[in-house]
2 protein chains.
Amino acid sequence: MRPEHKNVPALPPSPHGGENCRAVASVLARVGDKWSVFVIMMLINGPQRFNELKRKINGISQRMLTLTLRGLERDGLVTRTVFPTIPPRVDYELTDLGRGLAQPVQALGKWAFEHLPEIEGARTSFDARSGKD
Amino acid sequence: MRPEHKNVPALPPSPHGGENCRAVASVLARVGDKWSVFVIMMLINGPQRFNELKRKINGISQRMLTLTLRGLERDGLVTRTVFPTIPPRVDYELTDLGRGLAQPVQALGKWAFEHLPEIEGARTSFDARSGKD
DNA sequence: CCGTATCCCGACTGATACTG
DNA sequence: CAGTATCAGTCGGGATACGG
């Protein structure tokens with residue numbers, strides 16, 4: 001088994017960009033991934049141990065946390081440091097690349113937060129429309 | 001059946017933010033959605049007809065395009081204008097909100113594009129590591 | 001041309017149990 | 001404590017066919 005965490009299935013070539021589109025999309029997929037964003041946010045504060053993250057995110061399964069961290073590690077966004085002690089200890093920390101990614105992500109989050117009312121309003125009225133009428 | 005296009009399953013409460021976290025996450029999910037981003041990008045150029053989008057994105061199924069557009073419409077990011085002619089014609093256009101979202105999304109895309117080499121490099125070396133050794 | 005309904009498969013994910 | 005393996009359920013998403 002080699003999870004790779006996310007499919008990144010590849011997109012059919014687009015008429016304009018083509019190659020790069022796919023690659024960019026794979027990064028967007030990372031961001032869109034529910035857990036990845038949370039982990040990144042958690043790690044902004046500094047290194048965290050496995051179970052700390054698990055506890056703080058509270059709702060993620062051990063499996064998913066592992067897969068998420070693997071994916072982030074694979075993309076060079078976090079580092080995994082093992083202390084061969086007993087009991088074992090593993091720290092996860094954001095790389096410079098990861099911290100760089102955190103910026104636009106936070107910008108997006110900021111936008112999302114600021115426009116939540118509009119979006120939720122739109123959703124509500126849309127649902128009202130399609131519910132009856 | 002009422003697809004709603006995306007689950008937005010709700011996140012368990014986080015220790016710090018709580019409520020807002022969930023909502024912001026739902027917006028992030030929109031962005032992370034493969035097709036949504038493409039549609040938004042397409043619509044930056046101006047209004048487009050259904051089959052135009054379908055043709056340009058080339059690889060999206062009719063079903064997914066419909067669902068994606070529904071989701072964007074629901075969030076107030078695009079408008080759907082029906083011309084009751086024969087044959088029918090439907091134009092999709094970005095709202096101001098949608099154009100606003102396009103900004104941070106493009107910023108993210110820009111970042112992704114600029115750091116593609118690093119990320120792909122990280123992926124390659126990671127895969128090499130876990131492949132053998 | 002635009003959209004919906006149905007079928008169906010594969011991928012994601014949670015629960016659980018087991019190793020170092 | 002950190003991580004892997006297995007199983008089973010759910011659901012996203014493509015293909016197709018039909019309705020307006």
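Chain letters run A, B, ... following the sequence lines, proteins first and then strands; every chain starts at 1. Every value quoted in this text rests on a predicted model; they were computed, and no experiment measured them.
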Could you tell me the separation between the [atom1] atom of [X] and the [atom2] atom of [N], rounded to a whole number of Å?
X	N	atom1	atom2	value
B:Lys34	D:dG14	NZ	P	6 Å
A:Met64	D:dA2	CE	C1'	16 Å
B:Leu67	C:dC2	CG	C1'	14 Å
B:Ile86	C:dG3	CD1	C1'	16 Å
A:Ile57	C:dT13	CD1	P	14 Å
A:Arg70	D:dA5	CZ	C1'	14 Å
B:Asp33	D:dG13	CG	C1'	11 Å
B:Gln48	C:dC2	CD	P	12 Å

Closest non-hydrogen atom pair, [X] against [Y]:
X	Y	answer
A:Ile40	A:Leu94	O-CD2, 4.0 Å
B:Tyr92	B:Leu43	O-CD2, 3.4 Å
B:Leu65	B:Phe50	CD2-O, 3.6 Å

Checklist entry - Is there a donor and acceptor pair, one atom on the side chain of B:Gln62 and one on the base of D:dG14, closer than 3.5 Å? => result no
Next on the checklist: Using OP1 and OP2 only, check whether a side-chain N or O of A:Tyr92 sits under 4.0 Å from D:dG3.
Outcome noted: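 For D:dG3, OP1/OP2 do have a side-chain N/O of A:Tyr92 under 4.0 Å.
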Checklist outcome for this item: Taking five pairs at each terminus, the helix from C:dC1-D:dG20 to C:dG20-D:dC1 shows an axis bend, to 10°, of 40°
Checklist entry - A:Val82, A:Ile86: one ILVMFWY side-chain cluster at the under-4.5 Å cut-off? => result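 No, A:Val82 does not connect to A:Ile86 through the hydrophobic network.
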Item to check | Lys/Arg N to Asp/Glu carboxylate O, A:Arg99 vs A:Asp96, below 4.0 Å | outcome: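 Yes.
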Checklist entry - For A:Pro88 and A:Thr66, take the nucleotide of DNA chain D holding the closest heavy atom to each; which residue's nucleotide lies nearer the 5' end? => result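 This one resolves to A:Pro88.
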Checklist entry - CD1 of A:Ile119 to CD of A:Glu114: how many Å apart, nearest 0.5 Å? => result 11.0 Å
Next on the checklist: Applying the side chain to side chain contact (heavy atoms under 4.5 Å, CB included) criterion to A:Arg30, which one of A:Thr68, A:Leu72, A:Val37 satisfies it?
Outcome noted: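 For A:Arg30, the side chain to side chain contact (heavy atoms under 4.5 Å, CB included) check succeeds only for A:Leu72.
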Checklist outcome for this item: Out of D:dC1, C:dG3, D:dG3, minimum distance to the side chain of A:Phe50 belongs to D:dG3
Checklist entry - The side chain of A:Arg63 lies closest to which of these nucleotides: D:dG14, D:dG3, D:dT6? => result D:dT6
